[in-house]
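Report on the structure given below.
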Protein chains: 2
Amino acid sequence: MRATIREVAREAGVSPSTVSRALSMPEMVNPTTRERVLRAAQRLGYAPNRAARGLITGRTGNIGLIVPDLANPFFPSVVKGVQARAREADYAVFLADTDEDPTAEVGLIRVLGKQVDGLILCSPRAREEEIRDLCESTTLVMVNRRFGSVPSVVFDNVDGMRQAVAHLQALGHRRVAWVGGPRTSWSSRDRLRGLRAATAAAGMELVVAGHFPPHFEGGVAAADLIIASGVTSVIAYNDLMALGLLGRLRDRGVQVPEDMSVIGIDDIQMSAMSAPALTTVSLSKAQAGRAAVDLLISLLEQPEGVRNARRELPTQLLVRASTGVAQTN
Amino acid sequence: MRATIREVAREAGVSPSTVSRALSMPEMVNPTTRERVLRAAQRLGYAPNRAARGLITGRTGNIGLIVPDLANPFFPSVVKGVQARAREADYAVFLADTDEDPTAEVGLIRVLGKQVDGLILCSPRAREEEIRDLCESTTLVMVNRRFGSVPSVVFDNVDGMRQAVAHLQALGHRRVAWVGGPRTSWSSRDRLRGLRAATAAAGMELVVAGHFPPHFEGGVAAADLIIASGVTSVIAYNDLMALGLLGRLRDRGVQVPEDMSVIGIDDIQMSAMSAPALTTVSLSKAQAGRAAVDLLISLLEQPEGVRNARRELPTQLLVRASTGVAQTN
DNA sequence: ATGAAAGCGCTAACAC
DNA sequence: GTGTTAGCGCTTTCAT
C-alpha cells in the first residue's frame, strides 16, 4: 500500500496538516520544518492521493479531451499539444474519440465531464444548443469551432483562404472549386465563408462542390465532380481529402499541377510526402492544443477574471508542387 | 452542485446504504425499494462520485495508456481500440505520449500509475529491468512487446515475415533487404528474427540495413543503402518507413515494383493511398487495443485467476502494387 | 432487507 | 507556525 499523509507526519514528527501545507503551500510553513517534511515524504515515496484531495477541494487535476476521430492525423497532433501542456501544468488527460458521432459526443461530454475539472472539445460536431447546455455544468473550451461566448481556440481560416486564393490568382487561375467537409463541421463553414470573401475580392469564380466525408475517400469521391466542373484549381477542406483528390485525378489522367492545381488545409505529415507534394494551408495543431489547455486552466483558476476567452491562431500557406501556373485555355 | 447519495436517500425515503446497494448490488435489495431508489436517482440526475467511491474501494475506474508517438498512425489506431473497449467496460482512459523518450516513459508510468487501476504500455521503449520494477507496483499490460511473464498482446511477427518472404519468393526474388526500426523497439528485433528464419527456410539472401527512426524520413534515409546493396526487394519495419523508401526510390529513378519490390508492416491508412499502393503486413491495431483492455480487466478482477496473460494476434499480408515479379538479371 | 456508524486520505477552518 | 477537528461522498461492516 502507498504511504499516507499520516505516516509522513509521524516520520517527520509533525501533524498531517503541516505535511499538507508543506506540500501545497510551502510559504506558510517554517523552512526547517518544511525541509524535514519533504525529506520524510521523499524517504517514504509519498505522493498525495489525488482522489482524496479531489474529494475535498472539488478539483480532480484532470482534464478531458474529446475528438471526433483519431484516425484523422489532424487530431493526434492536437492531442500531442494538449498532452504536453497539460503535463507541464500537472494535469492528466482523459481522451475520448467519438467516431464522428454527435450523439456519442454529447454522451461522452456528460460522462467525462463529471470526472474532470474541465473539458476540451476538439472540432465538436454537436448542435450549438446542446453544447450551450453542457456549458452550464462544465467548464469547457472548444477547439476549431466558435459561437456565442463559449471559450474557444480557432484558426484564422479567413486569412488562410485569402492566402490560398492570392496564390492561385498569382498563378493565373480564374476559377476555383471548394470541396467541403462534413455538414456538422464549423470550420468547413468558416473556411467557405473566407473563401467566398477572398474569391469575391479577387474577382475569381468559386464553384462549391458540397459536403464530403473528411477522409481520403471523400476527396476521391469529389474528384470527378471537380473535373466535370471545368475549374483549373481546387481547395479541399483538409489534406486528407486533398490527397484523395490527387489520387483520383491521377487515375483519371489529370496532371497536377499542369491541368489542375490542388490545395489542402492542415499540413499533416503526409502532405509533404505525396507526389506531387501538396500545397497546403498550415495550421499549428499542437499549438492549438497547448492554447486550449492554457485557456482552460485560466478559466479554472480565475473563473471570472478571464478577459478574453477567444484565441485565434495564424495560418500559413505552404507552397509545394501541387499548385502551378494555370494553363491558358 | 451535483446530487449526493444522501439526497437520493432522502428523496427515496431510505438510507444512504440502501441507495448504494441498489446501485452496486441490485440483487441484495428488495425489488420495490430498488425501483423507488432508481427512480429517485433518475429524478435527481444522480451519478456516484467516482473519487469518493475510489477512496474506499481503492479502485479508480481509470486505466492509463502510454504510447511512444501519436504522430505515427499506428498508435492512434491502437488508442481507438483501447478507447472503445474501455468505454464499454465503463473505464475512462488516461493517455500519455512519450515522444519516443524512454526516460519520459518511465516517469509517466510512475506518475500515471498512481491514478489508475492499471496501465497499458504500447510499444514501450524502456529497459526490461525498469518495466519489471514498475510491474511490482502497478498492474500493467504491454502491447507490441514481450518478455518474461509480463502480460502482453503481440502480433505474430514470425508468421507475418513468413508470408512476406513467401510472397517475394513466389515473385522470383532471391535477395531481400530489411530496414530496421529503433534499437529500442522489441518488435523490430522480433520481426528481424522472423525474417531470418523465413529467408533461411526459403534459401533467400537477407541484407540487414540497420536501425532507422520509425518515420517517413527513416525510410528516406535508408533508401540509398538499399539501392547500393543490390537487392531486388525490401521489407521495412513499418509502413511509414516503407512510404519513405517509395518516395526516395522514385526520386532516384528506381521504379517500384519493376526495379524494386517494397513491403511495409502495419497497414496504416496511407499505405493504400500511395502510388504505387504499398504491399504490407496488416496488423489489427484496434483489436490489439481491445485485447489489451480485456487482458487488463481480467487481471484487475481476478488477479490470480488468469491462466494465460499472453495474446498473440494474427497478421495478414496485403498484396498491393508495390511488389512485383523480380527482374531477371 | 435495511439502517447506523465508521472511516477511506486528505484539506480547511479554527484554535493555540 | 503548527496542531486539532471536522468532514468531503461514498462503501462496508455490523446490527437489527
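Residue numbers begin at 1 in each chain, while the letters A, B, ... track the order of the sequences. The basis for the numbers below is simple: all heavy atoms, side chains too, and nothing from hydrogens, waters or symmetry mates.
Contact annotation: A:Ser15 does not reach the phosphate of D:dT2 (side-chain N/O to OP1 or OP2, under 4.0 Å). Contact between the side-chain N/O atoms of B:Thr33 and the OP1/OP2 oxygens of C:dA1 is not found at any separation under 4.0 Å.
In this view, A:Gln287 satisfies the side-chain hydrogen bond (donor to acceptor under 3.5 Å, both in side chains) rule with no residue, not counting sequence neighbours.
For the side-chain contact (heavy atoms from CB on, under 4.5 Å) with A:Ile66, the lone residue among A:Val106, A:Thr98, A:Leu140 that qualifies is A:Thr98.
For the pair A:Glu11 and A:Ala40, the tightest heavy-atom approach, listed with the atom from each and the gap, is CG-CB, 3.6 Å.
Looking only at atom types and distance, the side chain of B:Ser152 has no donor-acceptor partner in the side chain of B:Arg310 under 3.5 Å away.
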Got a list of side-chain donor-acceptor pairs under 3.5 Å for residues 2-10 of chain B, not counting sequence neighbours?
residue, atom, partner, partner atom, Å
B:Arg2, NH2, B:Ala47, O, 2.7
B:Thr4, OG1, B:Arg6, N, 3.1
B:Glu7, OE2, B:Thr4, N, 3.1

Self-check item: Base-contact (B) and sugar-phosphate-only (S) positions in nucleotides 6-16 of chain C, heavy-atom cut-off under 4.0 Å, - elsewhere
Solution: -BBBBBBB---
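The local environment of CZ in A:Arg110 is sparse, with at most 12 non-hydrogen atoms from other residues, nucleotides or ligands closer than 6.0 Å.
Rounded to a whole Å, the CE atom of A:Met28 is 13 Å from the P atom of D:dG3. Straight-line distance from the NZ atom of A:Lys114 to the P atom of D:dG9: 14 Å, rounded to whole Å. Put simply, CD on A:Glu35 is 17 Å from C1' on D:dG1, counting in whole angstrom units.
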